[in-house]
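Here's the structure, in C-alpha cells; my notes come after.
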Amino acid sequence: MAFGFEAEDFDRSGGDRKTSGELRLDYAINDIWSVETALAHLDKTTVGNPAETGRRTDFGLRVNYQPNEDLKVYAFGQATVNNSGGLRDNDRLGLGFEAQVSEKVALSGEISGGARGRGGALRATYSPTADNEIYLGYTLDPTRLGAGYDLVGRDKGTVVLGGRYRVNEAVSTYMENTWDMFGERQSLTRTYGVNYTPDARWTVSGSVETGRVRDTINGDFDRDAFSLGVAYVNDDQVKARARLEYRTEDGAGLAQDRDTWHSRQGMNTRSMMTGVFWPMSMHWFQTVPKAIFAMESMSKPAWAMPIVRLIMIA
C-alpha cells in the first residue's frame, strides 16, 4: 500500500489565484491486480472570467491488470463529486496499455473521453541494444495549460521524437525533438541532455533546450532553457531529487520577452514497518522585481487529476 499527498498554491497580481490539493492511495490486491485512487480539490479565482472561477472536488480510480512482466492493461475513470461556481465538471473514462512486444520493441497507449474533451497518448520505443533506444510519441491532454497563456484555437497535441544512448556505466545522453501544436501558439524545440551517475546512489543531470515558438496572435519568439538536477537513492528507502531551470524568451516586442526561474524538489520515504512510500514535494522560486506568477502543466498520466507547478515570470 502506498499513500501520497500534494498541494499547490498559485497567486497572480491582479487577483487571480488557484489552490489545489490531491490525496492518493495505491493498493496491490495481488501480483496481477492493483488499484489506484485519487481525491483532488480545486479552488480557483480568475478575475473577469466567471467560467474559470469556483470550487471543484474530483475522485479518480484506476484498475491495473498485469498478467506478466510484458503486459499491463488498465481502465480508469474520474468524476466530479462536488462543484460550485462556473468551473466545468471534470468527468473522464479511458483505457490504456503497456506492452513489451519483442525484445527490442515496446508500445504503450491510452485513450479517454470526458467533459473537457478527448485525450490520448501513443508511444513506440525501439531498443537495438541495451545501451541505446529511440522513441516516438504523441500526446493529447485536454487539461494542460500553457506557461502563462490560455489556449487560442484547438490543441492538436504534442509529438516527441527522441533517443537515449549510454556512453558507459556512468554517463548517458539523450536528445529530443518536440513539436507542440497548442492552438495558435506552435513550437518546435530541441533538447540535449546528459546524466552522470558516479555511483549507485547519486545521479547528476543537465540539459539545454532551444527552439522557436510561432504565435499568430502575439508574435513569434525564441526560447532557450537550461536546467541542472541531482537525484539520490539510498537502498530504496529514501529517494530525493532537486532540479533548477532557467528559461529565457525573446520576441519581436517586449510583451513576448520574459525570463523564468523554476526549482522543484521532492522526496519519497518508505516506512521500515509497513513498506509504505510517503511522497513529499517542495518548491522554491526566485525572480527579479516586478514579477508575476504563471502556471505550467506537468507530465502525468491522463487518467489522474493534473498536477500543476508554479513558475515566476519577470
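All values reported here derive from a predicted model rather than from experimental measurement.
Not a single donor-acceptor pair under 3.5 Å links the side chain of D26 to the backbone N or O of V35. Remark: the backbone N or O of L87 is paired with a side-chain donor or acceptor of N83 at under 3.5 angstrom. Remark: the backbone N or O of L25 is paired with a side-chain donor or acceptor of T37 at under 3.5 angstrom. R241 places no side-chain N or O within donor-acceptor distance of the main-chain N or O of Y232, the cut-off being under 3.5 Å. With S187 contributing its side chain and T189 its backbone, the two residues share no donor-acceptor pair below 3.5 Å.
No path of Ile, Leu, Val, Met, Phe, Trp and Tyr side chains, each step under 4.5 Å between heavy atoms, connects I134 with V160, placing them in separate hydrophobic clusters. No path of Ile, Leu, Val, Met, Phe, Trp and Tyr side chains, each step under 4.5 Å between heavy atoms, connects L93 with F59, placing them in separate hydrophobic clusters. In the hydrophobic cluster analysis, where Ile, Leu, Val, Met, Phe, Trp and Tyr join through side-chain heavy atoms closer than 4.5 angstrom, F97 is grouped together with V105.
Between Y246 and F226, the two ring planes are parallel [angle under 30°; tilted spans 30° to 60°].
Using a 3.5 Å distance cut-off with no hydrogens or angles, the side chains of D180 and Q186 do not pair a donor with an acceptor. No side-chain donor-acceptor contact under 3.5 Å links R123 and S108. With 3.5 Å as the limit, one finds no donor-acceptor pair spanning the side chains of Y192 and E176.
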How far apart are the C-alpha atoms of R24 and E22, what are their side-chain angles, what is the distance that settles it, and do they pass the salt bridge (charged side-chain N to carboxylate O under 4.0 Å, His left out) test? CA-CA 7 Å; R24 299 190 308 275; E22 179 182 315; 3.7 Å; yes
